[in-house]
Amino acid sequence: QTVVTQEPSFSVSPGGTVTLTCGLSSGSVSTSYYPSWYQQTPGQAPRTLIYSTNTRSSGVPDRFSGSILGNKAALTITGAQADDESDYYCVLYMGSGKWVFGGGTKLTVL
Amino acid sequence: QLQLQESGPGLVKPSETLSLTCTVSGGSISSNNYYWGWIRQPPGKGLDWIGSVYYSGSTYYNPSLKSRVTISVDTSKNQFSLKLSSVTAADTAVYYCARHLTQGGYCSDTNCYIDYWGQGTLVTVSS
């Protein structure tokens with residue numbers, strides 16, 4: 001079964017830049033997987049940040065950006081703020097009506 | 001504004017069947033642009049995609065749960081449902097319903113992601 005990999009945790013200083021990645025246990029992530037990114041704070045439902053690799057969802061600040069870096073999808077936060085401290089999940093479309101979540105990255109801003 | 005609301009028992013006994021319903025308001029479940037799905041999150045853990053249903057009734061499941069999962073749609077009630085059989089404590093989780101946006105049932109450059117989520121409902125498996 002396909003496993004989508006993410007860093008379990010990451011730390012960034014306020015105002016700093018951080019790049020979270022989303023890979024595959026076997027193979028490379030490309031735009032054909034339509035990678036999307038979701039932000040979740042404790043006790044809340046996830047919020048859509050990025051879809052189709054690099055399109056920001058409505059209302060998402062432009063400090064969030066998506067891309068393909070090498071063989072992985074990436075979420076970059078430029079100028080991190082305290083309220084960016086959250087869990088971040090990538091999702092890949094595997095075809096045939098199926099999606100797969102990555103394990104999530106817990107981002108700390110300190 | 002589209003809203004999704006999960007409903008169902010918050011406590012299920014081991015070996016029984018977990019049943020949840022998601023009611024969609026503010027939009028039609030019958031559009032060919034959406035899959036309607038279920039996602040769960042065990043306490044303190046990550047999100048796990050369970051499966052989805054198309055308005056036509058076609059279903060798609062996570063292979064790891066496929067033998068125990070049934071997702072169905074009721075277009076007359078604008079609802080879709082999840083049934084998970086033979087539950088154990090490992091099935092204790094917050095269950096979310098969600099809308100997956102596509103273009104006519106196919107992924108496109110702009111339409112292939114989860115765009116709306118329910119608030120989630122905690123289901124505990126315990127005797």
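The chains referred to below are lettered A, B, ... by the order of the sequence lines, with proteins before strands, and numbering in each begins at 1. Basis for what follows: all heavy atoms, side chains included, without hydrogens, waters or symmetry-related copies.
- Linking ILVMFWY side-chain heavy atoms closer than 4.5 Å, directly or via other members, places I77(A) and F10(A) in a single hydrophobic cluster.
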Candidate polar pairs, chain B side and chain A side, donor-acceptor under 3.5 Å:
residue	atom	partner	partner atom	Å
Q41(B)	OE1	Q40(A)	NE2	2.9
Q41(B)	NE2	Q40(A)	OE1	2.9
Q41(B)	NE2	Y89(A)	OH	3.3
S52(B)	OG	G97(A)	O	3.2
N62(B)	OD1	Q1(A)	NE2	3.3
Y96(B)	OH	Q40(A)	NE2	3.2
Y96(B)	OH	Q44(A)	O	3.4
D109(B)	O	S52(A)	OG	2.7
I114(B)	N	Y38(A)	OH	2.9
I114(B)	O	T48(A)	OG1	2.7

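- Minimum interatomic distance between L47(B) and F101(A) (heavy atoms only, all atoms of both residues): O-CB, 3.4 Å.
- Among the candidates G97(A), A45(A), G102(A), the residue making the largest number of heavy-atom pairs closer than 4.5 Å to chain B is G97(A).
- Counting heavy-atom pairs closer than 4.5 Å to chain A, the top-ranked of the candidates C107(B), G46(B), G120(B) is C107(B).
- When hydrophobic clusters are built by joining Ile, Leu, Val, Met, Phe, Trp and Tyr residues whose side-chain heavy atoms come closer than 4.5 Å, directly or via intermediates, L2(B) is grouped together with I114(B).
- Note on V109(A) and F64(A): same hydrophobic cluster, where clusters join Ile, Leu, Val, Met, Phe, Trp and Tyr whose side-chain heavy atoms are under 4.5 Å apart, directly or indirectly.
- There is no path of hydrophobic side-chain contacts, each under 4.5 Å, that joins V4(A) to I50(A).
- Highest contact tally toward chain B, considering only P46(A), P35(A), G104(A), G103(A), is held by P46(A) [criterion: heavy-atom pairs under 4.5 Å].
- Linking ILVMFWY side-chain heavy atoms closer than 4.5 Å, directly or via other members, places L101(B) and M94(A) in two distinct hydrophobic clusters.
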